[in-house]
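Counting convention: from 1, in listed order, for ligands and their atoms alike.
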Amino acid sequence: MARIIDIKADRQAALEAASAALADGFAIAMPTETVYGLAADATNPAAITRIYETKGRPRFNPLICHMADLAMAEHHAEFDPLSRALAEAFWPGPLTLVLPLKAESPIHSLATAGLDSVGVRVPKGFAGALIGAFGRPLAAPSANTSGAISATSAAHVEADLGAKIPLILDAGPSTVGVESTIVKVEGDRVRLLRPGGLAAREIEHVAGRPLLRAKKASAAIEAPGMLASHYAPGASVRLNASAVEPGEALIAFGGAAVAGARDARIVLDLSPRGDLAEAAANLFDYMKRADASGVSSIAFSPIPDDGLGEAINDRLQRAAAPRATDKADRSDRGSTR
Ligand code: TXA
Ligand code: MG
């Protein structure tokens with residue numbers, strides 16, 4: 001079972017135990033401002049393999065490499081002027097930059113999935129201090145089983161992965177609540193690869209140009225086979241609900257009255273005052289609470305798509321996407337002769 005150390009109670013013990021476990025090649029749960037990460041030495045292939053095994057994650061996915069600061073990041077990645085301006089504006093913080101990997105970087109190809117680029121971010125708070133003390137970048141996806149809801153508290157991590165990892169560092173609930181925003185500078189353009197905890201318009205303000213977006217999520221949802229199930233609770237997820245069915249869970253937003261709410265099994269409001277940052281911080285915890293109530297379906301009220309709403313809606317659409325088992329069912333039927 002994992003040892004849990006409260007970093008507020010004993011920061012020094014947390015730093016020492018974490019550095020020792022990382023040096024021994026273990027993957028440990030590390031708090032960041034976005035979500036809890038499952039962190040391991042990005043230069044150690046055995047340690048990175050532990051991340052993939054612990055999460056049950058496919059190995060072709062590149063991992064974000066976390067740095068103590070911009071100076072450390074510059075040892076591993078090549079910064080163009082625009083990427084450096086974004087790093088200076090938003091680090092430490094919920095922004096990941098995809099950059100060319102320097103040939104001399106010791107980051108292992110298992111962390112980059114063999115790409116010649118690397119996703120880099122400098123997290124806020126204790127994680128930055130830990131990386132500085134450890135002295136090497138940490139690869140860290142969210143600390144949860146692959147495909148499940150991301151962990152935003154030490155208790156979430158313990159329930160999911162506590163039997164598989166030696167150490168969980170507890171810094172309380174993650175303040176941002178959704179993963180970092182990922183961008184890549186391409187010539188004089190900036191592409192949004194994943195909406196996240198830094199609103200796109202803040203990046204656009206510093207970059208001085210609109211972000212290039214991939215296919216709009218609403219278009220992707222029309223081709224559900226293209227949209228991987230992720231962030232998925234046990235219950236099915238119903239989006240943009242104007243009414244809740246008896247026995248469903250309701251996750252509302254902005255204090256709006258929803259028809260049928262009195263007959264819902266459980267009613268949670270992501271932010272009664274309609275604050276999207278508060279909604280993002282509550283999102284994964286409320287999904288877990290609704291799921292734990294034992295319902296078979298969770299209805300979500302519409303969430304505005306501006307600011308952090310873009311990241312919230314991205315995660316909700318993945319949570320609502322057909323599950324791997326649904327796909328298997330369909331292909332079974334398809335192959336019947
Ligand atoms: O907030 C976060 O970003 C959290 C916390 C723990 O820091 N971390 C996180 O890491 O979400 P991870 O490893 O799950 O993110 C992996 C994603 C990939 O699926 C891909 O979208 C992108 O980061 N990525 C990483 N390296 C990339 C690369 N070289 N090129 C393109 N995308 C990359
Ligand atoms: Mg994840």
Specify side chain, backbone, both or neither for K184, according to which of its non-hydrogen atoms lie closer than 4.0 Å to ligand 1. neither

Closest contact, heavy atoms only, G255 versus D269: N-OD2, 2.8 Å

What is the nearest protein non-hydrogen atom to atom 3 (O) of ligand 1, stated with its residue, atom name and distance? S180 OG, 2.5 Å

Kindly indicate, with the supporting measurements, whether the criterion salt bridge (charged side-chain N to carboxylate O under 4.0 Å, His left out) is fulfilled by D275 and R273. CA-CA 6 Å; D275 176 348; R273 61 194 162 98; 3.2 Å; yes

Please confirm whether H66 comes under 4.0 Å of ligand 1, counting heavy atoms of the residue only. yes

On a heavy-atom basis, I'd like to know which of G114, P141, P31 is closest to atom 12 (P) of ligand 1. P141

With respect to Y36, determine whether any N or O atom, backbone or side chain, lies less than 3.5 Å from an N or O atom of ligand 1. no

Out of all atoms in ligand 1, which are within 4.0 Å of some heavy atom of L115? Include the element for each. 28 (C), 29 (N), 30 (N)

H76 NE2 to L101 CG distance, which is reported to the nearest 0.5 Å: 9.0 Å

Indicate yes or no: does R213 engage E310 in a salt bridge with an N to O separation below 4.0 Å. yes

Are the side chain of D291 and the backbone of G234 linked by a donor-acceptor contact shorter than 3.5 Å? yes

Is it the side chain (CB and beyond), the backbone, both or neither of R57 that lies under 4.0 Å from ligand 1, heavy atoms counted? side chain

Atom NZ in K288, atom CG in L283: separation rounded to 0.5 Å? 11.5 Å

At what distance is the nearest protein heavy atom to atom 32 (N) of ligand 1, and which residue and atom is it? V98 CG2, 3.9 Å

Show the atoms of ligand 1 that are less than 4.0 angstrom away from any heavy atom in S117. 28 (C), 29 (N), 30 (N)

Without swapping roles, check the side chain of Y36 against the backbone of N144 for a donor-acceptor pair under 3.5 Å. no

Please report the shortest heavy-atom distance between V206 and A85, naming the atom on each side. CG1-O, 4.2 Å

Measure from the side-chain N and O atoms of T54 to the backbone N and O of R50, and report whether any donor-acceptor pair falls under 3.5 Å. yes

Ligand-side contact atoms (ligand 1) for residue partner E179, heavy atom cut-off under 4.0 Å: 1 (O), 2 (C), 11 (O)

At the 4.0 Å heavy-atom cut-off, does T112 count as touching ligand 1? no

Assess the residue pair E248 and R265 against the criterion (salt bridge (charged side-chain N to carboxylate O under 4.0 Å, His left out)); give the C-alpha distance rounded to whole Å, side-chain angles, the decisive distance to 0.1 Å, and a yes or no. CA-CA 6 Å; E248 270 189 324; R265 175 85 63 90; over 6 Å; no

Please state which protein non-hydrogen atom is closest to atom 27 (C) of ligand 1 and give its distance, to 0.1 Å? P62 CG, 3.6 Å

Everything protein-side that's N, O or S and under 2.8 Å from the Mg ion (ligand 2): list it, residue and atom. S142 OG

Are any of the side-chain nitrogens in E78 or R84 under 4.0 Å away from the carboxylate oxygens of its partner? no

Relative to each other, are the rings of F284 and Y231 parallel, tilted or perpendicular (30° and 60° limits)? parallel

Does H230 have a heavy atom less than 4.0 Å from any atom of ligand 1? no

Contact region, L63 to ligand 1, non-hydrogen atoms below 4.0 Å, reads both

To check your reading of the model: name the closest protein heavy atom to atom 5 (C) of ligand 1, its residue, and the distance in Å. T34 OG1, 3.5 Å

Under 3.5 Å donor-acceptor, K164 side chain and E53 backbone: no

Working for side chain to side chain contact (heavy atoms under 4.5 Å, CB included), residues L308 and V178: CA-CA 9 Å; L308 294 190; V178 292; 5.7 Å; no

Can you list the residues that meet the salt bridge (Lys or Arg N to Asp or Glu O under 4.0 Å) rule with R209, with sequence neighbours excluded? none

Atom 13 (O) of ligand 1: closest protein heavy atom, distance to 0.1 Å, is I64 N, 3.2 Å

Identify the closest protein heavy atom to atom 8 (N) of ligand 1: which residue and atom is it, and at what distance? A140 O, 3.2 Å

When you measure from atom 23 (O) of ligand 1 to every protein heavy atom, which one gives the shortest distance, and what is it? I182 CD1, 3.3 Å

